[in-house]
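Everything on this sheet refers to the single structure shown next.
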Amino acid sequence: MTPALDLPGYRHLYSGKVRDLYVPLNAAGEDDPDRLLLAASDRISAYDAILDPAIPDKGEILNRLSLWWFDQLADLLPNHVLTTDVPDAVAGRAILVRRLDMVPVECVARAYLTGGGLGEYAATGAVSGLPLPAGLVDGSRLPEPIFTPSSKAPAGEHDEPITYADVVALVGPGRAAELRELTVEILRRGNAIAAERGILLADTKVEFGLDAGGALVLADEVLTPDSSRFWPADEWVPGRAQASFDKQFVRDWLTSPASGWSKSSGDAPPPLPAEVVEQTRARYVEAYERLTGARFVPLASAR
Ligand SMILES: N#Cc1c(N)ncnc1-c1cnn(CCN2CCOCC2)c1
C-alpha cells in the first residue's frame with residue numbers, strides 16, 4: 001500500500017484500506033486535542049486486497065458524496081464535519097472533523113440480505129440474533145431494515161458480528177436503542193433517496209462518537225460505496241449474487257481468464273487494465289451525479 005502522504009503541519013495517525021487519519025499539529029508541534037483530518041484516498045479494495053492501480057478521483061468523489069449525505073441527514077443528528085478547508089495535497093478528498101469519543105461499535109444496518117448476514121441466516125434463520133422470515137434468498141429485501149452491529153476489530157482483522165445484547169452491555173440500554181434507531185433510519189432515508197435514482201443500498205456501516213457534552217454525533221463517512229453495498233436497481237434479482245454498482249467491472253475482470261488470477265490462489269490480484277480503471281471511475285462519478293443531482297467536476301480542474 002502506498003504510504004500515507006506526508007502533510008506538513010499534520011501527523012499521520014492511522015491508515016485503513018482506503019482512508020487515512022491525521023491529527024493537526026499546533027505551533028509547538030503538539031497534537032490538536034479537538035480536531036482530526038480524515039482523508040479519502042483513491043485506493044480501491046476488493047477481495048480483501050488493496051488493488052493496483054488506484055482509481056483517479058475516487059477519494060474526492062466519495063468524500064463529496066459523504067458530505068452530501070451528511071447534509072441530507074443534518075436534521076436527524078449532528079455530524080463531525082468542521083470544514084473542507086484542508087491542505088492542497090488533499091484538497092477535495094479530505095475533511096477536518098471534530099475529535100469525538102468514538103462509540104466502540106460498528107453500526108451496521110441491512111435492508112437486503114446478502115454477504116455475511118446471508119450466511120448467518122442460512123445457518124440459524126436469524127441475523128445478529130434477530131429471527132427473519134423463512135425462505136429468504138441472496139438479495140431478498142428485508143421486511144424492514146435491521147440493525148446488525150459488529151465489534152470494532154483491531155487493524156487488519158475482520159469485524160465480528162455481535163448481538164444487540166452485546167451492544168447494550170457495551171454502551172447501556174438507552175444508548176444502544178439510540179444507535180439502533182439512528183443506524184436503521186440513516187439506511188431507510190438513504191434508500192428513500194437512492195431508490196428514486198436507480199440505486200439500492202443493500203446495507204451500510206456508520207460510526208458514531210460522543211461530543212464533550214455526551215451527545216451522539218455521526219462520524220466517519222456516510223452512505224458511500226466504501227461503507228455500503230450499492231446495487232443497480234434495474235439489475236436486482238433476488239436469488240443470486242447482485243451486481244455491484246461500483247465494483248462489478250473490477251470483479252468481472254479479476255474473475256475472468258483475462259486476469260490470469262484465481263481468488264482461491266491466495267496470490268495478490270494483478271494490476272487492473274486501464275479500461276477497467278476508467279470504467280470504475282465512471283461508475284463512481286455516475287453514483288455521485290445520480291444521487292446528488294450535481295455534476296462531478298474535480299476540484300483540481302475547477303481551480
Ligand atoms: N471519523 C472519525 C473520528 C472522529 N471524528 N473523532 C475521533 N476519532 C475518529 C475516528 C478514528 N478512527 N475512526 C475509524 C474510521 N477510520 C478513519 C480513518 O480511516 C480508517 C477508518 C474514526
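Just so you know, these numbers use all the heavy atoms, side chains as well, and skip hydrogens, waters and symmetry mates. Just so it is clear, the structure is predicted and the values come from calculations on it, not from any experiment. Read the numbers this way: they start at 1 and go in the same order the structure lists the ligands and their atoms.
Following chains of ILVMFWY side-chain contacts shorter than 4.5 Å, one cannot reach L118 starting from F230, and the two form parts of different hydrophobic clusters. Criterion: ILVMFWY side-chain heavy atoms under 4.5 Å apart, direct or through other members. Under it, I95 and I61 are part of a common hydrophobic cluster. Put simply, W253 and I55 are part of the same group of oily side chains (I, L, V, M, F, W, Y) that touch within less than 4.5 Å, one to the next. Under the 4.5 Å side-chain heavy-atom criterion for Ile, Leu, Val, Met, Phe, Trp and Tyr, V237 and F245 are members of distinct hydrophobic clusters.
Near H80, meaning under 4.0 Å from one of its heavy atoms, ligand 1 places the atoms 1 (N), 2 (C), 5 (N). Atoms of ligand 1 found under 4.0 Å from any heavy atom of V97, numbered from 1 in the order shown, are 5 (N).
For atom 11 (C) of ligand 1, the closest non-hydrogen atom of the protein is L21 CD2, 3.4 Å. The nearest heavy-atom contact from the protein to atom 20 (C) of ligand 1 is Y14 CE2, 3.3 Å. Ranking protein heavy atoms by distance to atom 10 (C) of ligand 1, first place goes to M102 CG, 4.0 Å. Protein heavy atom at the shortest distance from atom 18 (C) of ligand 1 is L38 CD1, 3.5 Å. The nearest protein atom to atom 13 (N) of ligand 1, hydrogens excluded, is given as E207 OE1, 4.2 Å; this is a heavy-atom distance. Protein heavy atom nearest atom 21 (C) of ligand 1, with residue, atom name and distance: R19 NH2, 3.5 Å.
At least one side-chain heavy atom of L25 sits less than 4.5 Å from a side-chain heavy atom of D31.
At a heavy-atom distance under 4.0 Å, atoms from both the backbone and the side chain of D220 approach ligand 1. Residue R98 touches ligand 1 through its backbone alone, judged by heavy-atom distances below 4.0 Å. By the criterion of a heavy-atom distance under 4.0 Å, neither the backbone nor the side chain of D101 is placed next to ligand 1.
The aromatic rings of Y22 and Y10 sit perpendicular to each other, their planes meeting at more than 60°, with 30° as the lower class boundary.
A 6.0 Å sphere centred on CZ of R295 holds no more than 12 heavy atoms belonging to other residues, nucleotides or ligands.
Residue nearest to atom 6 (N) of ligand 1, selected from L100, V217, D211, N79: L100 (by heavy-atom distance).
Checked by atom type, the side-chain pair D166/T163 shows a donor-acceptor distance below 3.5 Å.
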